[in-house]
Amino acid sequence: KMKSYEKIIGNFETMFGQEVDGEPLFKQTTTQQLEKLKGLVGNSVTAFVDFYKECQPCHGFPTLDCYVNLLDIESILDENTNLAPGNDLSQFGVFVFATTVGGNGICIDTNDCKDGDPAVLIASCGFCFYNEEKQYIEIADAPDDVMDEYADDEPIILNYPNIKKCLPRIEKSFLKFMDKLSRNCYDDIEEYLDFD
């Protein structure tokens, strides 16, 4: 199993070198960091947790050609507790682990997970917002066919079935996503958000 991680790391190191600004490209994860990550994402996504256990991207990981920035564990915790849309999505088992230059979130979906390997989704930075007046979180950025199911003044409430309908899936597998990312297979990841 370790082999696939080593290959991914090797690919990234070929791309960027083993260090960034004197820091290793991937750093050792402490037991405390790993516990915090598990506390956030739960126990079902073993492939994701194992990956971070073995190879945590450094803080300030270089931006990839497809405009993705991989996050370290501290930043993942921050994205999913303090920042939008991660802090809203995380309540439904969808967690941001990377961002795009445009501030969009690349997420794992712990509800859509095969053999511990979760699917990877993308959420725009303006995907949802808290409606003060009505006191619920609603989806602001949805594909047209989903929008068409609702009246103009009818909100699309943030819940898992709606997340599933609205968020484009990039890959069925986190490891496949990381492998393709490490081989520069994606052109511009933000194109997944072009609903038209």
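Side chains included, hydrogens not; waters and symmetry mates left out as well; all remaining heavy atoms used. Here, residue 1 is the first one in the sequence, and each next residue gets the next number. Keep in mind that what you see is a predicted model, and the values were worked out from it rather than measured.
- Scanning both residues, G126 and D141, for their nearest heavy atoms gives O-CB, 3.8 Å.
- Using modelled atom types, one side-chain atom of N80 and one backbone atom of V96 make a donor-acceptor pair closer than 3.5 Å.
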Exercise. Output, in order, the C-alpha distance, side-chain angles, deciding distance and verdict of side chain to side chain contact (heavy atoms under 4.5 Å, CB included) for F61 and N69.
Key: CA-CA 6 Å; F61 196 87; N69 300 307; over 6 Å; no
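- In this structure, N82 and N87 have side chains that are not in contact, with every pair of non-hydrogen atoms separated by 4.5 Å or more.
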Quiz item: Checking side chain to side chain contact (heavy atoms under 4.5 Å, CB included) for the pair F16/L64: CA distance, chi angles, key distance, verdict?
Solution: CA-CA 9 Å; F16 296 121; L64 289 136; 4.0 Å; yes
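- Partners of Y186 by ring pair (Phe, Tyr, Trp, His ring centres under 6.0 Å), not counting sequence neighbours, listed by chain and number: F177.
- Here CD1 of I76 is found 8.0 Å from CG of L40. Values are rounded to the nearest 0.5 Å.
- The backbone N or O of H59 sits nowhere less than 3.5 Å from a side-chain atom of E23 that would complete a donor-acceptor pair.
- The nearest pair of heavy atoms linking I137 to D88 is CD1-OD1, 3.3 Å.
- Between C113 and T110, the closest side-chain pair of non-hydrogen atoms is not below 4.5 Å.
- N104 and S124 share no side-chain donor-acceptor pair at under 3.5 Å.
- Taking each heavy atom of F174 and A47 in turn, the nearest pair found is CE2-O, 4.2 Å.
- Residues C55 and Y5 share a closest heavy-atom pair of SG-CB, 4.2 Å.
- Atoms CG and CD1, from N162 and I156 in turn, are 6.5 Å apart once rounded to the nearest 0.5 Å.
- The CD1 atom of I170 lies 11.5 Å from the CD atom of E191; values are rounded to the nearest 0.5 Å.
- The environment of OH in Y160 is crowded: more than 12 heavy-atom neighbours from other residues, nucleotides or ligands sit within 6.0 Å.
- C66 SG to I106 CD1: the interatomic distance, rounded to the nearest 0.5 Å, is 7.5 Å.
- Considering all non-hydrogen atoms of both residues, G60 and V20 come closest at O-CG1, 4.1 Å.
- Under a cut-off of 6.0 angstrom, the local environment of NZ in K164 is crowded, with over 12 non-hydrogen atoms contributed by other residues, nucleotides or ligands.
- A centroid separation of 6.0 Å or more is found between the aromatic rings of F97 and Y52.
- Annotation: side chain of D188 is in contact with side chain of Y67 (closest heavy-atom distance under 4.5 Å).
- Judged by distance alone, the side chain of N111 and the main-chain N or O of F92 form a donor-acceptor pair under 3.5 Å.
- Across all non-hydrogen atoms, the minimal contact from L193 to A123 is CD2-C, 4.3 Å.
- How far OG1 of T14 is from CD1 of I9: 11.0 Å, rounded to the nearest 0.5 Å.
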Quiz item: What do the steps show when you test R169 against D109 for salt bridge (Lys or Arg N to Asp or Glu O under 4.0 Å), and what is the final call?
Solution: CA-CA 9 Å; R169 183 162 81 173; D109 182 353; over 6 Å; no
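- Crowding of Q18 atom CD: a count of heavy atoms from other residues, nucleotides or ligands under 6.0 Å not exceeding 12.
- Proximity of a side-chain donor or acceptor of N11 to a complementary backbone N or O of R183 within less than 3.5 Å is not detected.
- Annotation: side chain of C58 is not in contact with side chain of F26 (no heavy-atom distance under 4.5 Å).
- Within the 3.5 Å criterion, the main-chain N or O of G102 finds a donor-acceptor partner in the side chain of E190.
- Here the CD1 atom belonging to I73 is positioned 13.5 Å from the CG atom belonging to D78, to the nearest 0.5 angstrom.
- For K172, the NZ atom is loosely surrounded, since the number of other residues' heavy atoms within 6.0 Å does not exceed 12.
- Surrounding NZ of K180 are more than 12 heavy atoms belonging to other residues, nucleotides or ligands, all under 6.0 Å away.
- Residues F95 and F48 keep their aromatic ring centres 6.0 Å or farther apart.
- The environment of CG in D21 is sparse: at most 12 heavy-atom neighbours from other residues, nucleotides or ligands sit within 6.0 Å.
- Around CD of E149, the count of heavy atoms belonging to other residues, nucleotides or ligands within 6.0 Å exceeds 12.
- Residues that satisfy the side chain to side chain donor-acceptor pair (under 3.5 Å) test with T81, not counting sequence neighbours, are absent from this structure.
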Quiz item: Can you check side chain to side chain contact (heavy atoms under 4.5 Å, CB included) on M178 and L181, steps first, answer last?
Solution: CA-CA 5 Å; M178 291 302 287; L181 207 56; 4.2 Å; yes
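- Listed for the S173 side chain is no donor-acceptor partner under 3.5 Å among the backbone atoms of D117.
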Exercise. Decide yes or no on side chain to side chain contact (heavy atoms under 4.5 Å, CB included) for D72 and Q56, but give the supporting numbers first.
Key: CA-CA 6 Å; D72 65 344; Q56 179 182 182; 3.4 Å; yes
